[in-house]
Amino acid sequence: MAESPITPGSKDFAAWYQDVVLQGDLAEPAEIVKGCMVIKPNGYAIWEILQRELDTRFKALGHQNVYFPLLIPESFLKREAEHVEGFAPELAVVTIAGGKKLEEPYVIRPTSETIVGHFFAKWIQSWRDLPVLVNQWANVVRWELRTRMFLRTTEFLWQEGHTAHSNHQEAIEEVLRILDVYAEVAEDIMAMPVIKGVKTRAEKFAGALRSYSIEAMMRNGLALQAGTSHDLGQNFGKAFDVKFQSKEGQLDYVWQTSWGVSTRLIGGLVMSHSDDKGLVLPPKLAPVKAVIVPIYRKEEEKGPVLEAAHRIAKEVGAKVDEREGQTPGAKFFHWERRGVPVVMELGPRDLASGNIVLKRRDTGVKEIVPQANVAARLAEVLDAMQKDLFNAAKERMKSNTLVANSLAEVEEILSDVTAEKGGGKFVMAHIKDDPICDARLKEFKATIRNIPLVDEYDGGGKCIVTGEDVDRRVVVAKSY
RNA sequence: CGGGGCGUGGCUCAGCUUGGUAGAGCGCCUGGUUCGGGACCAGGAGGUCGGAGGUUCGAAUCCUCUCGCCCCGACCA
């Protein structure tokens, strides 16, 4: 693809984001299909790594993968009142198939709780059948009015876990266990710090009893909901008649959960670490961890340089960029904007000295390393970079988190914030989980991101909207 | 869906006001010289101007409709 300049993030954050995604060769707008994108090899490879990290964790916890139909009878959506209300505006519906108008239209799944509920009812009769722990990797469609690559597209890829349990306690444990998995992958693999918490009742998933989320802070200070885990209670069990007979012989509805993360994570990744030079990938998620750029002037230098480059590349698991007709400088820029964690330079000088030059993507620091030590040193550098990226993101989140003790304070901090200009903050304030409070914040386009599970502040206080007692501060921010 | 901006070789854009049948830079191809942070020279390929309709002798340019993209708002993983 053509390599163009990247708009500085300080000038226009939204344009910067778009440029980084494009220049990093992660994806491009589909253009011919409204609101959709094409995920390119460099982007899909990251998704595959995320899939692997998540999938192995799900399986270790006893979940199995399944696949449900893309099309769901329209009537299914209507069985759970809140659910249909929440999703109706963004449904794509199939009304004609095989040249004939369908008697009952199908909706393209926006999420699968309903069709899963239908089958759970067939699969579950006894307490012995529980728990049911399944997950599917799938695409879903939600007709959003405004889209941004990875962050919100009409069609997106995700995983959706669906489980059924014999009691509420067990379901809640499942919900929190998965929230931990999400937080672990976000922090340890993506180097993206998150806050685990409960969504307010106003912000919960349509049809859930309670929703839990992990919230991350992007470079512009906006919040990104990076994953959700829902306690569905018995709502879908009742809607789809999913009953089981307990040990004691009683009939009861199952307690269900559902949880998901999507390709949105890639958007979060971009907005957590990348800079004005382009993409920055944490080593654990980088499809290519290191590239060797061979340098030679004369034809007689080429052979020995390439030979050494391939020998070292094989030893350390790097890729050699031996494209002809490109100067080393052009290659450095190429890999830099694609986010490769370490680029190595190897030329006649290094051959003579027995060294090689290593350059870290995040800091831009170059170091000269004896070729004999390069494997060990590369591993150290990648490890350090992974940790440093996390710490830098954590520090940024910390320094952009403020405590406020009145609504006016919250409004003053957040009122001027936009995705383009940046300057976003997380504001910790005492606010009650009451739709009145959510509505009040919405007046200046802020939301309660979540009520943290762990209170790292000063405990209880008076709600800054209603004056009632609440037991901890909540995270208020503007978000994607 | 409301407001704003925009669709012209692969990319970024000029041309449109004052209609006459398409340009630049970058990229691409070939050859040569280069090569430690975006190389240079020479030659070459590539578009009928988002799409449809209309006005006209003639439309990238004017009119109507339509599709899509970006930004702002309402909705959201």
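Model, not experiment: these values are computed from the prediction. Here is the naming used below: chain letters follow the sequence lines, and residue numbers restart at 1 for every chain.
Backbone-only engagement by A:Arg148 is indicated by non-hydrogen atom pairs under 4.0 Å involving sugar-phosphate atoms exclusively. If you check every strand for non-hydrogen atoms under 4.0 Å, A:Val357 touches a base. A:Leu151 comes within contact range of at least one nucleobase, with a heavy-atom separation under 4.0 Å. Note on A:Lys366: a base of the nucleic acid sits closer than 4.0 angstrom, heavy atoms only. Nucleic acid contact class of A:Gly260 (heavy atoms, under 4.0 Å, all strands): none. Contacts of A:Gln225 with the nucleic acid, taken as non-hydrogen atoms under 4.0 Å apart, involve only primed sugar atoms and P, OP1 or OP2.
Relative orientation of the A:His63 and A:Trp259 rings is perpendicular, given thresholds of 30° and 60° on the angle between their planes. Taking the six-membered ring where the residue is Trp, A:Trp137 and A:Trp47 present perpendicular rings, their angle passing 60° and hence far from 30°.
Taking the side chain as every heavy atom from C-beta outward, A:Glu345 and A:Pro328 never approach each other to under 4.5 Å.
Under the Watson-Crick and G-U wobble criteria, each requiring two contacts below 3.5 Å, nucleotide B:rG73 is paired to B:rC1. B:rG23: Watson-Crick or G-U partner is B:rC13, with both key distances under 3.5 Å. Under the Watson-Crick or G-U wobble criterion, with both distances below 3.5 Å, B:rG58 has no partner in any strand shown. The partner of B:rC65 is B:rG51, by the rule that a Watson-Crick or G-U pair needs both atom distances under 3.5 Å. In this entry B:rG38 has no Watson-Crick or G-U wobble partner, no candidate having both defining distances under 3.5 Å. The partner of B:rA45 cannot be assigned: no Watson-Crick or G-U wobble pair with both contacts below 3.5 Å exists in any strand.
To the nearest angstrom, C1' of B:rA77 lies 10 Å from CD of A:Glu90. Summarising the geometry, the separation between CE on A:Met149 and C1' on B:rC76 is reported as 18 Å, rounded to the nearest angstrom. Straight-line distance from the CD1 atom of A:Ile295 to the P atom of B:rG37: 7 Å, rounded to whole Å. Atom-to-atom, CZ of A:Arg152 to P of B:rG73 comes out at 12 Å; the value is rounded to the nearest Å. Here B:rG36 presents its C1' atom at 18 Å from NZ of A:Lys302, a figure rounded to the nearest Å. In this entry the distance linking CG of A:Asp19 with P of B:rU12 reads 10 Å, nearest Å. Rounded to whole angstrom, the span from the CD atom of A:Gln326 across to the C1' atom of B:rC35 amounts to 11 Å. Between A:Glu82 atom CD and B:rC76 atom P there is a gap of 12 Å when expressed in whole angstrom units.
For the C1' atoms, the distance linking B:rU64 with B:rA22 amounts to 25 Å, nearest Å. Comparing the C1' positions of B:rC62 and B:rC71 gives an interatomic distance of 28 Å, to the nearest angstrom. Nucleotides B:rC65 and B:rG4 have their P atoms positioned 15 Å apart, rounded to a whole Å. Across B:rC40 and B:rU34, the matching C1' atoms stand 7 Å from one another, rounded to whole Å. Across B:rC16 and B:rG23, the matching P atoms stand 15 Å from one another, rounded to whole Å. When the C1' atom is used for both B:rG43 and B:rC13, the distance is 26 Å, rounded to whole Å. With both ends at atom C1', the span from B:rA24 to B:rG46 equals 15 Å, rounded to whole Å. Nucleotides B:rG5 and B:rU21, compared at atom C1', are 29 Å apart to the nearest Å.
Each of A:Glu324 and A:Ser479 has a nearest nucleotide on RNA chain B; the 5'-most of these lies closest to A:Glu324. For A:Thr154 and A:Gly364, each mapped to the nucleotide of RNA chain B holding its nearest heavy atom, the one lying further toward the 5' end belongs to A:Gly364.
When only modelled atom types and interatomic distance are considered, A:Glu113 and A:Ser258 share a side-chain donor-acceptor pair under 3.5 Å. In the model, A:Asn220 has no side-chain atom that pairs as donor or acceptor with a side-chain atom of A:Trp16 under 3.5 Å.
The aromatic ring centres of A:Phe240 and A:Phe119 sit 6.0 Å or more apart.
In terms of phosphate contacts, A:Thr327 brings a side-chain nitrogen or oxygen within less than 4.0 Å of OP1 or OP2 of B:rA39. Contact check, A:Arg349 against B:rG36: no side-chain N or O comes under 4.0 Å of OP1 or OP2.
The A:Pro348 side chain lies nearest to B:rG36 when the options are B:rG36, B:rC70, B:rA77. For A:Ser262, the side-chain atoms get nearest to B:rA77 when compared with the rest of B:rA77, B:rG37, B:rC75. Closest contact between the side chain of A:Lys445 and the listed nucleotides B:rG38, B:rA74, B:rG36 involves B:rA74. Among the nucleotides B:rG37, B:rG36, B:rA77, the one closest to any side-chain atom of A:Glu336 is B:rG37.
Ring-base stacking between A:Phe333 and B:rG37 is not satisfied when judged by a centre separation under 5.5 Å and a plane angle under 30°.
In the displayed structure, A:Glu307 atom CD is contacted under 6.0 Å by at most 12 heavy atoms of other residues, nucleotides or ligands.
Every pair passing ring pair (Phe, Tyr, Trp, His ring centres under 6.0 Å) that includes a residue from residues 205-232 of chain A is listed here, sequence neighbours excluded: A:His83-A:Phe205, A:Phe87-A:Phe205, A:Phe205-A:His230.
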